[in-house]
Amino acid sequence: MERSDIKLIARDPAQFDPQAVDQLRSSARLAGIRHVVGLPDLHAGHGIAVGAAFWSPDHIHPPLVGSDIGCGMALWQMDGALRKFRLAHAERRLRDLDGPWDGDQAAALVRADLPASMADPSLGTIGGGNHFVELQRVEDIADPARFAELDLDADRLWMMVHSGSRGLGHAALQGHISRNGNVGLPADSTSGQAYLQDHDRAMAWAVLNRQIIADRFAEKLAMGGRRILDICHNSVTPHAVAGQAGWLHRKGAAPADRGLVAIPGSRGDFSFLVEPVAAAGDRALHSLAHGAGRRWSRSDAHARLSRRFRAAELERTPLGSRVICEDRRLIFEEAPQAYKDITGVIADLQHVGLIRVIARLRPLLSYKVRSQ
DNA sequence: ATGTGC
């Protein structure tokens with residue numbers, strides 16, 4: 001059996017949770033897997049580590065992508081001037097965003113080159129878990145020349161959307177498991193091709209979902225906006241490594257080959273707009289950290305924090321931002337304390353020479369869920 | 001993660 005190599009990207013790899021590293025080791029033993037990379041936000045998942053990339057010359061492993069195929073981050077620079085932005089006003093306006101979108105789904109699907117059968121009441125909704133929409137402002141600019149070259153403007157409101165393919169990606173993975181079992185497949189097999197078609201559609205649907213979510217929020221805020229980036233951190237895509245064609249699985253790993261990347265901190269911390277260093281190439285399987293990474297599991301976070309805080313105390317963060325989260329359990333599970341320090345994650349990526357930071361973004365309002 | 005699990 002061919003040995004695969006495992007690389008851990010961090011200034012101090014000993015910092016990683018041993019359970020997450022064990023999960024990388026078991027994934028490295030899957031059929032055809034040759035290269036595995038753990039990124040600085042690596043943490044244990046449900047059997048498969050999050051914050052990791054896996055490469056095979058010939059196999060695809062749907063469980064290495066997970067349920068939320070196409071999940072990712074998108075970032076908008078809004079038309080609205082920051083000096084005119086009023087937090088309390090925005091907080092009042094952001095309602096009726098959790099129910100079905102009342103727009104023309106059929107037309108939206110056609111524009112996204114997706115079949116009409118992918119219409120679904122969840123299109124245009126954020127979902128649960130770690131998904132969010134966050135209104136932000138530019139805190140500081142690390143690379144003014146690049147910032148200007150990209151025609152970015154620090155005097156406007158910015159908006160980040162983190163969501164995915166909702167039930168559709170989940171159905172694609174379950175479909176694969178029910179047909180083939182919880183296994184990998186040769187990419188060129190009929191079953192492999194069937195999964196890849198479902199996968200690619202779920203990915204495109206997730207991109208459309210983020211766009212519609214952003215449109216809904218923009219409408220409430222009575223402003224337009226320009227999308228700066230949209231990147232998926234759960235996917236399997238064809239990708240050559242060291243000149244050999246193959247398949248790159250990303251499980252909570254941002255692409256380093258698709259232009260600008262947004263790496264969010266917890267809702268109580270800064271996010272970073274970064275640019276991958278092109279020359280870094282294969283060093284980390286063309287991937288970057290996708291966020292801060294969990295420090296505590298959901299259940300641990302709930303147990304520890306619900307003892308120390310009341311939910312209302314978590315509706316404002318240490319940076320002064322507001323949190324709209326009317327789910328009593330979720331507000332504890334997703335509290336800033338449950339996440340690692342994003343500054344350390346960014347420093348790790350910089351240390352290895354994978355990114356250049358362009359700007360740091362400050363959270364103003366994090367929207368999770370609201371009853372109406 | 002999940003038109004959510006007992």
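These numbers come from the heavy atoms of this one structure, side chains and all, not from hydrogens, waters or symmetry mates. Here is how names work: the chains are called A, B, and so on, in the same order as the sequence lines, proteins then strands, and each is numbered from 1. Nothing here was measured: the structure is a model prediction, and the numbers come from that model.
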- Message: Measuring to OP1 and OP2 of B:dT2, would you say a side-chain N or O of A:His131 lies under 4.0 angstrom away?
- Response: yes

Between [atom2] of [N] and [atom1] of [X], the distance in whole Å:
X	N	atom1	atom2	result
A:Gln174	B:dG3	CD	P	11 Å
A:Asp68	B:dT4	CG	P	15 Å
A:His170	B:dT4	NE2	P	10 Å
A:Arg298	B:dT2	CZ	C1'	11 Å
A:Asp327	B:dT4	CG	C1'	11 Å
A:Ile126	B:dT2	CD1	C1'	16 Å
A:Gln105	B:dG3	CD	P	14 Å
A:Asn209	B:dG3	CG	P	11 Å

- Task: For the residue pair A:Tyr195 and A:His199, categorise the inter-ring angle as parallel (less than 30°), tilted (30 to 60°) or perpendicular (more than 60°).
- Result: tilted

Contact class for [X] vs. all strands (heavy atom < 4.0 Å): base, sugar-phosphate, or nothing?
X	value
A:Gly66	nothing
A:Gly169	nothing
A:Arg329	nothing
A:Gly164	nothing

- For the ring pair A:His290 and A:His162, is the centre-to-centre distance below 6.0 Å? no

- So, are A:Arg216 and A:Glu219 salt-bridged, with charged N and O less than 4.0 Å apart? no

- Taking NZ, NE, NH1 and NH2 as the nitrogens, is one of them in A:Arg210 or A:Asp230 under 4.0 Å from a carboxylate oxygen of the other? yes

